Peer 1: 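My structure is below; once you've seen it, I'll send some questions.
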Amino acid sequence: MTSLSSELDGCLLDPSVLSSSSFERIALVLGDQLNASHSWYREVDPQRLFVIMEVRQETDYATHHIQKVVGFFAAMRKFAAALTKAGHEVLYLTLDASVNQQNVCNNLTHLTSLAPKLTHIDLQQPDEYRVDAYLQAWAEHQSLTVTWHDTEHFLCERNVLSEWFPAKHNFLMESFYRRVRKLTGYLMENGKPIGGKWNFDKENRNKLPANHEVSNTLCFAHDVSALVDMIKKSGVKTIGEINPHQFIWPITRAESRQLLEYFAQNLLPEFGRYQDAMHTDHWSLYHARLSFALNTKMISPREVVERAIRQWQQHPDTINIAQVEGFVRQIIGWREFIRAIYWHHMPGYQKLNFFDNKQPLPDFYWTGDTRMQCLASSIKQSLKYAYAHHIQRLMITGNFALLIGAAPDVVDDWYLGIYIDAIEWVELPNTRGMSQFADAGILATKPYVSSGSYINKMSNYCADCHYDVNQRTGDNACPFNSLYWNFIHQHQHQLSNNPRMALILNQWQKRTAEQQQELVQQAKLYLGSINNL
């Protein structure tokens with residue numbers, strides 16, 4: 001395989017040549033704006049320079065998984081090479097370039113000062129509030145004409161919630177999802193949902209049966225050793241593991257489409273049915289693992305959804321409506337809704353802490369070294385692959401973090417760093433809202449907490465665990481059990497007006513004072529020795 005570094009040879013690597021150039025426009029391409037179908041690239045303009053940069057500003061705002069940093073840089077380099085091959089003028093600043101000031105705005109200021117004929121700057125709207133803020137501030141002080149462009153990726157605009165539901169503060173994803181279905185026509189017929197229902201979620205909650213043969217996982221094998229060396233030599237702090245000679249994630253649009261095709265043909269028939277299942281032997285099960293490709297925009301939500309629907313239409317004998325609807329809902333419902341929530345409530349959303357939680361995460365969140373099999377498996381998988389599916393994130397690592405009262409800030413940082421697909425617009429609402437209920441119900445209608453029984457129902461984790469899922473108290477009692485009831489006990493006043501919590505609150509209040517005390521004391525024992533569980 002050609003090294004990623006040598007592929008950049010065709011890019012304009014020396015900014016000093018700008019002083020004698022005829023460039024009139026600079027167009028900035030961020031690392032999550034690798035959309036080859038964008039209208040920017042329809043025509044080659046020799047007076048326009050595309051700028052792509054690797055900067056410490058972006059590697060250091062959180063401690064990222066090594067595969068995340070490598071994945072973004074590798075995809076950015078491939079994209080720059082593809083643009084150059086297509087005839088576009090490209091300046092690519094590598095992390096170790098001597099002229100790199102390690103800051104997006106500082107680099108832009110330097111580059112614009114070098115080009116005597118420059119009159120315009122083109123920027124695509126960032127998806128992160130943080131990036132949008134610093135680019136907006138920079139743009140306001142430019143004498144050049146700055147033009148903002150849509151990324152041409154999402155189905156809905158940033159302000160869609162204000163436009164669709166102007167009188168509301170809280171929004172139901174289901175209402176949003178139905179409106180997007182009507183807008184796009186996906187899985188619709190004569191104005192009604194195909195199959196007679198909007199949502200088949202109740203049919204998609206199955207545990208993986210014993211001896212079930214799961215389809216193979218499609219992984220790539222890129223040699224990214226040069227990138228890994230550069231990142232390490234630059235002193236970038238990372239977490240997690242990587243095989244530098246077999247990087248498994250897609251780094252081009254072609255590979256992203258290959259992964260989509262593999263999902264449609266091999267995984268979609270069982271996707272919905274087992275999308276919530278967890279198993280120690282299968283790290284990706286039937287999940288598409290397209291989130292990194294989607295969030296970098298190497299592939300679009302429309303083509304992803306339309307390919308899945310087409311596969312269902314062509315193979316109704318092996319793919320039922322519940323399978324395809326479950327997948328479509330994740331893309332056009334949940335993903336779009338999460339982004340809409342993010343932009344509707346930022347920047348205040350990132351400060352919300354409904355339960356006033358303040359505890360640190362246990363040390364094992366960075367190692368997986370715990371006797372709790374569910375957490376050990378989910379965390380070690382995350383460290384190995386920079387990936388865990390939504391139920392592992394929500395009902396294992398997120399559930400435990402909420403039960404122990406972990407501070408939302410540290411939970412956000414962990415999720416933002418450890419997963420290859422984690423960009424703040426998608427991570428923050430999923431973590432602070434859906435997982436930690438720190439937003440008091442803006443996103444989720446109840447806290448997503450559970451005892452060990454749910455984990456046992458949806459996985460094989462409990463079968464080979466040091467702790468007994470059937471025990472609430474005692475030396476080997478599953479920590480989730482007492483921590484769950486302790487959470488209910490601690491927050492029963494805050495949750496008393498939540499109708500979805502009424503049944504479980506009633507169950508707690510029906511217990512005798514002695515039973516309640518036993519569970520609370522067991523939880524306190526575990527909380528006091530959290531790093532030794």
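No hydrogens, no waters, no symmetry mates; every other heavy atom, side chains included, goes into these values. Just so it is clear, the structure is predicted and the values come from calculations on it, not from any experiment.
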Peer 1: If we only count heavy atoms from C-beta on, is the Trp366 to Ile239 side-chain gap below 4.5 Å?
Peer 2: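 Trp366 reaches Ile239 side chain to side chain.
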
Peer 1: For a quick test of reading the model, state the closest non-hydrogen atom pair linking Ala115 to Ser21 and the distance between them.
Peer 2: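 Of all heavy-atom pairs spanning Ala115 and Ser21, the closest is CB-OG, 4.4 Å.
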
Peer 1: List for me each residue that meets salt bridge (Lys or Arg N to Asp or Glu O under 4.0 Å) alongside Arg307, sequence neighbours excluded, and say none if there are none.
Peer 2: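 Testing Arg307 for salt bridge (Lys or Arg N to Asp or Glu O under 4.0 Å), a comparison that skips the adjacent residues, returns Glu261.
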
Peer 1: Return the set of residues passing salt bridge (Lys or Arg N to Asp or Glu O under 4.0 Å) with Arg432 (not counting sequence neighbours), or none when no residue passes.
Peer 2: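 Listed in chain order: Asp409, Asp412.
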
Peer 1: I'd like to know if the side chain of Glu427 and the backbone of Ala422 have a donor-acceptor N/O pair within less than 3.5 Å.
Peer 2: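 A pair under 3.5 Å: no.
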
Peer 1: Under the salt bridge (Lys or Arg N to Asp or Glu O under 4.0 Å) rule, what do Arg329 and Asp201 come out as? Steps first, then yes or no, please.
Peer 2: CA-CA 9 Å; Arg329 181 166 15 99; Asp201 191 42; 3.8 Å; yes

Peer 1: Looking at Thr119, is its backbone amide N or carbonyl O close enough to the side chain of Arg25 to form a donor-acceptor pair, meaning the two atoms are under 3.5 Å apart?
Peer 2: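 Answer holds: no.
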
Peer 1: Indicate the ring-plane relationship of His88 and Tyr41, choosing parallel, tilted or perpendicular according to the 30° and 60° boundaries.
Peer 2: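 The rings of His88 and Tyr41 stand perpendicular, inter-plane angle above 60°.
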
Peer 1: If I take atom CZ from residue Phe73 and atom CG from residue Leu227, how far apart are they, to the nearest 0.5 angstrom?
Peer 2: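 The CZ atom of Phe73 sits 8.0 Å away from the CG atom of Leu227.
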
Peer 1: Minimum heavy-atom separation for Phe364 to Leu375, with atom names?
Peer 2: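 Smallest heavy-atom distance, with atoms named: CE1-CD1, 4.1 Å.
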
Peer 1: Hey, does Val146 have a side-chain heavy atom less than 4.5 Å from the side chain of Ile121?
Peer 2: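 Side chain of Ile121 against side chain of Val146, heavy atoms only: contact under 4.5 Å found.
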
Peer 1: Roughly how far apart are Cys219 SG and Asn243 CG, rounded to 0.5 Å?
Peer 2: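 Between atom SG of Cys219 and atom CG of Asn243 there are 11.0 Å.
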
Peer 1: Are more than 12 heavy atoms from other residues, nucleotides or ligands located less than 6.0 Å from atom CD of Glu163?
Peer 2: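 Yes.
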
Peer 1: Hey, is the main chain of Met298 close enough, under 3.5 Å, to the side chain of Arg253 for a donor-acceptor pair?
Peer 2: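 The answer is yes, because a donor-acceptor pair under 3.5 Å joins these two groups.
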
Peer 1: Kindly indicate whether the side chain of Thr151, heavy atoms from C-beta on, has any atom under 4.5 Å from the side chain of Asn35.
Peer 2: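 Not touching, per the 4.5 Å side-chain cut-off.
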
Peer 1: Take atom OH of Tyr61 as the centre, draw a 6.0 Å sphere, and report whether it contains more than 12 heavy atoms from other residues, nucleotides or ligands.
Peer 2: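 It does: Tyr61 OH has more than 12 such atoms within range.
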
Peer 1: How long is the gap from CD1 on Ile418 to NE2 on His64, to the nearest 0.5 Å?
Peer 2: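 Going from CD1 on Ile418 over to NE2 on His64, the span is 12.5 Å.
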
Peer 1: Apply the test salt bridge (Lys or Arg N to Asp or Glu O under 4.0 Å) to residues Asp132 and Arg158: give CA-CA distance (whole Å), side-chain angles for both, the deciding distance (0.1 Å), then the verdict.
Peer 2: CA-CA 12 Å; Asp132 187 80; Arg158 283 181 180 178; 3.0 Å; yes

Peer 1: Between Asp127 and Lys297 (salt bridge meaning N to carboxylate O under 4.0 Å), is one present in this structure?
Peer 2: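 Looking at Asp127 and Lys297, the cut-off is met.
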
Peer 1: Which heavy atom of Leu416 sits nearest a heavy atom of Glu424, and at what distance?
Peer 2: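 Where Leu416 meets Glu424 most closely, the heavy atoms are CD1-N, 3.8 Å.
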
Peer 1: Going by atom types alone, do Tyr186 and Glu306 pair a side-chain donor with an acceptor below 3.5 Å?
Peer 2: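 A pair is found: one side chain offers a donor N or O, the other an acceptor, under 3.5 Å apart.
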
Peer 1: Tell me, please, which residues at least two apart from Arg310 pass salt bridge (Lys or Arg N to Asp or Glu O under 4.0 Å).
Peer 2: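 Listed in chain order: nothing, the list is empty.
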
Peer 1: Report the distance from atom NE2 of His344 to atom CZ of Arg339, rounding to the nearest 0.5 Å.
Peer 2: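 Between atom NE2 of His344 and atom CZ of Arg339 there are 14.5 Å.
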
Peer 1: Angle between ring planes, Trp249 versus Tyr387, binned at 30° and 60°: parallel, tilted or perpendicular?
Peer 2: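 Tilted.
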
Peer 1: Of all residues at least two apart in sequence or in a different chain, which pass the side chain to side chain donor-acceptor pair (under 3.5 Å) check with Asn353?
Peer 2: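 Checked Asn353 against side chain to side chain donor-acceptor pair (under 3.5 Å); zero matches.
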
Peer 1: Could you tell me whether the side chain of Gln57 and the main chain of Val104 form a donor-acceptor pair under 3.5 Å?
Peer 2: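 Here the side-chain-to-backbone pair exists.
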
Peer 1: Looking only at non-hydrogen atoms, find the nearest pair between Ser215 and Asn266 and report the distance.
Peer 2: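 Shortest heavy-atom separation between Ser215 and Asn266 comes out as OG-O, 3.4 Å.
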
Peer 1: Using atom types as modelled and distance alone, determine if a side-chain donor or acceptor of Gln436 lies under 3.5 Å from a backbone N or O of Gly398.
Peer 2: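 Judged by distance alone, yes, a pair lies under 3.5 Å.
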
Peer 1: If you count every heavy atom of other residues, nucleotides or ligands that lies below 6.0 Å from Glu157 atom CD, does the total exceed 12?
Peer 2: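 At most 12 heavy atoms, drawn from other residues, nucleotides or ligands, come within 6.0 Å of this atom.
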
Peer 1: Just by modelled atom types, is the Thr94 backbone N or O under 3.5 Å from a matching donor or acceptor in the Asn100 side chain?
Peer 2: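 At least one qualifying donor-acceptor pair exists.
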
Peer 1: If you apply the rule salt bridge (Lys or Arg N to Asp or Glu O under 4.0 Å), what do you find for Asp96 with Lys232, and how did you get there?
Peer 2: CA-CA 11 Å; Asp96 58 353; Lys232 290 181 177 179; over 6 Å; no

Peer 1: Does any non-hydrogen side-chain atom of Trp283 lie less than 4.5 Å from one of Lys384?
Peer 2: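 Answer no - side chains too far apart.
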
Peer 1: Under a 3.5 Å cutoff, is there a donor and acceptor pairing between the side chains of Gln275 and Gln330?
Peer 2: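 The criterion, which ignores hydrogens and geometry beyond distance, is satisfied for Gln330 and Gln275.
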
Peer 1: Where is the tightest heavy-atom contact between Ile248 and Gln67, given as atom of each residue plus distance?
Peer 2: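 In this case the closest contact between Ile248 and Gln67 is CG1-OE1, 4.5 Å.
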
Peer 1: Please answer whether the main-chain N or O of Ser300 pairs with a side-chain N or O of Glu303 as donor and acceptor at a distance below 3.5 Å.
Peer 2: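 Such a contact is found between Glu303 side chain and Ser300 backbone.
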
Peer 1: Should the pair Arg179-Glu174 be classified as a salt bridge under the 4.0 Å nitrogen-to-oxygen rule?
Peer 2: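 Answer for the salt bridge query: no.
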
Peer 1: What residue among Tyr385, Phe72, Tyr419, Phe247 forms ring-ring contact (aromatic ring centres under 6.0 Å, His included) with Phe292?
Peer 2: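 Single pass found, and it is Phe72.
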
Peer 1: Tell me, please, which residues at least two apart from Glu255 pass side chain to side chain donor-acceptor pair (under 3.5 Å).
Peer 2: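 Side chain to side chain donor-acceptor pair (under 3.5 Å) list for Glu255, sorted by chain: His222.
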
Peer 1: I'd like to check Arg48 versus His120 (side-chain heavy atoms, cut-off strictly below 4.5 Å). Are they in contact?
Peer 2: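 With C-beta onward as the side chain, the pair stays apart.
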
Peer 1: Looking only at the side chains, is there a donor atom on one of His149 and Asp122 sitting less than 3.5 Å from an acceptor on the other?
Peer 2: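 Present: a donor and an acceptor within the cut-off.
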
Peer 1: Decide yes or no on side chain to side chain contact (heavy atoms under 4.5 Å, CB included) for Val131 and Glu58, but give the supporting numbers first.
Peer 2: CA-CA 9 Å; Val131 180; Glu58 294 303 304; 4.3 Å; yes

Peer 1: Side-chain contact test, heavy atoms from C-beta onward, threshold under 4.5 Å: evaluate it for Trp334 versus Tyr177 and give yes or no.
Peer 2: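 Side chain of Trp334 against side chain of Tyr177, heavy atoms only: no contact under 4.5 Å found.
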
Peer 1: Going from CG on Leu402 to OG1 on Thr431, what distance comes out if it is rounded to the nearest 0.5 angstrom?
Peer 2: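 One gets 12.0 Å once the value is rounded to the nearest 0.5 Å.
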
Peer 1: For the CG atom on Asn216, are there more than 12 heavy atoms of other groups (residues, nucleotides or ligands in this structure) within a distance under 6.0 Å?
Peer 2: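 Count not over threshold, so no.
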
Peer 1: Could you tell me how the ring of Phe154 sits relative to the ring of Trp425: parallel (under 30°), tilted (30 to 60°) or perpendicular (over 60°)?
Peer 2: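 The arrangement is perpendicular - the two ring planes meet at more than 60°.
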
Peer 1: Atom OG of Ser378 and atom CD1 of Ile396: how far apart are they, to the nearest 0.5 Å?
Peer 2: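 With rounding to 0.5 Å, OG (Ser378) is 5.0 Å from CD1 (Ile396).
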
Peer 1: I'd like to know if the side chain of His287 and the backbone of Arg289 have a donor-acceptor N/O pair within less than 3.5 Å.
Peer 2: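 Checking the backbone N and O of Arg289 against the side chain of His287, no donor-acceptor pair under 3.5 Å is found.
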
Peer 1: Spell out, as yes or no, whether a donor-acceptor pair under 3.5 Å connects the side chain of His153 to the backbone of Thr296.
Peer 2: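 Not a single qualifying donor-acceptor pair exists.
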
Peer 1: Can you see whether Tyr286 has Arg273 sitting over its ring - NZ or CZ less than 6.0 Å from the centre and within 45° of the normal?
Peer 2: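 Not flagged: Arg273 not positioned over aromatic ring of Tyr286.
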
Peer 1: With a 3.5 Å cut-off and no angle check, do the side chains of Thr397 and Trp414 form a donor-acceptor pair?
Peer 2: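 There is no such pair (donor and acceptor under 3.5 Å, judged by atom type) between the side chains of Thr397 and Trp414.
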
Peer 1: Using a strict threshold of under 4.0 Å (side-chain N to carboxylate O), is an ion pair present between Asp439 and Lys351?
Peer 2: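 Answer for the salt bridge query: no.
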
Peer 1: State, without any angle test, whether Asn295 and Arg335 hold a side-chain donor-acceptor pair at a distance under 3.5 Å.
Peer 2: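 Yes, a side-chain donor-acceptor pair sits under 3.5 Å.
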
Peer 1: Show the nearest heavy-atom pair for residues Thr109 and Trp138, with the distance to one decimal.
Peer 2: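 Nearest heavy atoms, Thr109 then Trp138: OG1-NE1, 2.8 Å.
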
Peer 1: For Gln313, which residues count as a side chain to side chain donor-acceptor pair (under 3.5 Å) partner, sequence neighbours excluded?
Peer 2: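 So Gln313 forms no side chain to side chain donor-acceptor pair (under 3.5 Å) with any residue.
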
Peer 1: Do the side chain of His282 and the main chain of Met278 share a donor and acceptor less than 3.5 angstrom apart?
Peer 2: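 Not confirmed, His282 side chain does not pair with Met278 backbone.
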
Peer 1: Going by distance alone, is a donor N or O of one side chain under 3.5 Å from an acceptor N or O of the other, for Gln392 and Gln381?
Peer 2: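 Indeed, the side chains of Gln392 and Gln381 share at least one donor-acceptor pair under 3.5 Å.
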
